[in-house]
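Take a look at the structure below.
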Amino acid sequence: MTHAPLLKRLVLICIGMFAFAFALVPLYDVFCDITGLNGKPSLEQAQQSKTITDNREVDVSFTTHAQSGAPFEVKSHEYSVVVKPGAMREVLFKAKNLSNQDKVMQAVPSVSPGKAAKYLHKMACFCFDQQPLKAGEEVEFKLLFYVDAELPSDVEELTLSYTVFDISSQFLASNKEQVR
Amino acid sequence: MSSITDEHNNDAAHHDAGHHQPAKGFKRWLFTTNHKDIGSLYLIFSLTMFLIGGAMAMVIRAELFQPGLQLVDPHFFNQMTTVHGLIMVFGAVMPAFTGLANWMVPLMIGAPDMALPRMNNWSFWILPFAFLILLASLFMPGGGPAFGWTFYAPLSTTYSNDNTALFVFAVHIMGISSIMGAINVVVTIVNMRAPGMTWMKLPLFVWTWLITAFLLIAVMPVLAGAVTMVLTDKYFATSFFDAAGGGDPVMFQHIFWFFGHPEVYIMILPAFGIISTIVPTFSRKKLFGYASMVYATSSIALLSFIVWAHHMFTTGMPVAAELFFMYATMLISVPTGVKVFNWVATMWRGSISFEVPMLFSIAFIVLFTLGGFSGLMLAITPADFQYHDTYFVVAHFHYVLVTGAVFSIMAGAYYWLPKWTGNMFNITLAKWHFWLSLVSVNVLFFPMHFVGLAGMPRRIPDYALQFADFNAIISIGGFAFGLSQLLFVVVVYKCAKGGDKVPAKVWDGAEGLEWEVPSPAPYHTFDTPPEIK
């Protein structure tokens, strides 16, 4: 009896499952995107809201956290703001490069509770871009956002958290010409 | 473990004169393609790894004997917990089952050998190198892996040392070895059954191994993918698990546990097969509910793919997902319950005798069920927030893996050892081994439930003072259990060297083709396929 056909099929399953492990990476992102799970907010620029709900108020707090070893201090001017769903709001962040070298930072947003992530729309955010900061430089960043009127009614407060990463090495490697 | 002596090779030579007889010395083992030789190699390798991994557990228990840091530094402690886990999972339990499959599957289905004997040789012989690499990393500057056997990112990427590549390659080799072993088992079972052995006449050990092999083929490549991503994240600046580059460390846990949960069934389904073979023998009855056993095993295997996130309840999943994974997990207790009740029903009104394999099997049924119950407790999402990463979890998985998987391997070893060697083992010593193991294993793992519920975290070399007494008891149980296993080595060694000769059918209640060949099993068996009625 020849074993080759069955052997071939089993080897193909193995190769397929190895590929599947890597396919999980985009699948995971798509899944989080559709369901808004995992507190992963969209990094696309949002459209302006057409309606404003007057009879409801939501608390939005901000927190930032520099990944250990990342030489940045990023702080919002206000600890938290109260907004009406649909109404645009601007919040300023002060960011400082604490090191004596030119660095590039990337802020990665996350929303808690996770299910509120897809209802927080950012029209402008410093997290959309990689931000080069000169040694010791201090800049002001703008966040322009609104909370969707469709936000589930049991969510009364949400937190937008930024984790700040030092991506100088990757950035310098790939975008040498863009560094000012 | 095997002592296939020259006399019986000559014996066998009458009816299979066309075969090469085994070469002499080391070359016999290095170049062998004989399923019995390779089975023995796997089993000896597994026993060696069991002792090495056990020695690491002794280091862990010695450090935890008293609160405070006394014997080893915390970094070394972390390496011990990590490598203990890796060795026991990939070096002890999985090769032991593969060894049993190599020895017994061809004998049970009436095949002359495994389907792909040369690949079989490779799948064993790459294994020692995997563990050599892993163990060698412990002696290198910076030490071995210290991030837990689950190697969660970013512990294994951002915060690990440069020897992580060795860990990754070791896991790759282990994975390739088990995939080749699994492919061999599937091809053997599908293509090489004796004429007349229909699917529903397969011995249960063969059934459970067939399903296990499919699980291995499905998930070991996923593990290979996960370690590859860790490798490229750490050394080649990819960002699969690094949020700074758009990746997500939680995704690591999803990928890992997509492998990890089927993996725990890979380590228990063959055990179910062994117990389902032994219990009928010593109850002198047919196995109760054969068909339901087959369906239960298959449904456990299928369900194992949709429960992985119960390891991750505290990562902040939405409630709907938590509920799904909670109920799906609890659903697994239905087919598992079917199995336990079938074993009990098999014993019901049987004329039971308590030979050593049966003692281990009964201990398995009771203690594995206990481990299953603590698993059910862990499946309850709200309760899991308290149990997560405590010693309660450690107690749970040691009950299912030590008194579950390892006890079943011991049961299987005692059951088939006379068939392999032609000699009965020393029954008195074996009974001492059983009773010492049974008592000490419970002294070792039972109190872990309580310290866990009281909040003692796992994988930490120190603990709060109030846990001191319980930890001292646990450590004493641990040392006793560890020493008891040396008795097993003695029993196996003595049995391989000599003992009372046994007939072809070693146990009077035993059924199956393996008991129709002489004891010890000749080097070549079933050159002419047997008749299956």
Side-chain angles (χ1 to χ4, degrees), chain A residues 1-29 31-32 35-40 43 65-70 104-110 112-117 130 162-171 173-174, chain B residues 111 114-116 119 154 158-159 175-176 179-180 182-193 213-214 216-229 232 237-248 250-256 258-259 262 315-321:
Chain A
M1 174 163 237
T2 168
H3 302 310
L6 179 60
L7 183 64
K8 256 183 228 158
R9 251 178 273 168
L10 293 172
V11 171
L12 277 180
I13 296 177
C14 282
I15 296 170
M17 287 310 289
F18 186 70
F20 176 71
F22 287 89
L24 280 172
V25 177
L27 282 175
Y28 179 78
D29 278 342
F31 186 78
C32 291
T35 56
L37 292 182
N38 207 20
K40 255 192 181 174
L43 282 176
H65 154 81
Q67 173 81 336
S68 71
V104 184
M105 63 164 255
Q106 168 76 59
V108 176
S110 170
S112 174
K115 67 174 171 181
Q130 304 173 327
Y162 285 106
T163 309
V164 180
F165 293 89
D166 177 6
I167 56 161
S168 314
S169 47
Q170 290 108 300
F171 185 82
S174 58
Chain B
M114 296 294 278
L116 309 159
M119 189 169 87
T158 316
Y159 300 103
I176 292 168
I179 288 171
M180 292 201 295
I183 288 178
N184 216 340
V185 169
V186 173
V187 178
T188 307
I189 297 173
V190 173
N191 286 351
M192 296 184 60
R193 278 166 294 136
F214 274 113
L216 279 164
I217 290 168
V219 300
M220 289 311 280
V222 176
L223 173 70
V227 288
T228 308
M229 289 182 217
T232 58
T238 57
S239 302
F240 288 109
F241 309 127
D242 184 3
D248 190 333
V250 176
M251 187 180 69
F252 173 86
Q253 298 185 29
H254 282 289
I255 297 176
F256 178 82
F258 184 82
F259 145 79
T315 54
M317 276 189 286
V319 176

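Reminder, nothing fancy here: chain letters follow the sequence lines and each chain counts from 1.
- Here the CD atom belonging to Q253(B) is positioned 9.5 Å from the CG atom belonging to D248(B), to the nearest 0.5 angstrom.
- The closest donor-acceptor contact from the side chain of T232(B) to the backbone of T238(B) lies at 3.5 Å or more, if one exists at all.
- The shortest side-chain heavy-atom distance between L116(B) and M114(B) does not fall under the 4.5 Å cut-off.
- Only the side chain of V108(A) comes within less than 4.5 Å of a heavy atom in chain B; its backbone stays farther off.
- Residue A237(B): no heavy atom, backbone or side chain, is found under 4.5 Å from chain A.
- The ring-ring contact (aromatic ring centres under 6.0 Å, His included) check on F259(B) picks up F256(B), with sequence neighbours excluded.
- Both the backbone and the side chain of F22(A) come within less than 4.5 Å of a heavy atom of chain B.
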Side chains of residues 217-228 of chain B: which donor-acceptor pairs under 3.5 Å do they make with residues two or more places apart or in other chains?
unit_1: T228(B); atom_1: OG1; unit_2: H172(B); atom_2: NE2; d: 2.9
unit_1: T228(B); atom_1: OG1; unit_2: A224(B); atom_2: O; d: 2.5

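- For a residue to count as touching a neighbouring chain, one of its non-hydrogen atoms must lie under 4.5 Å from one of that chain's; by this rule N184(B) does not touch chain A.
- Neither the backbone nor the side chain of F252(B) comes within less than 4.5 Å of any heavy atom of chain A.
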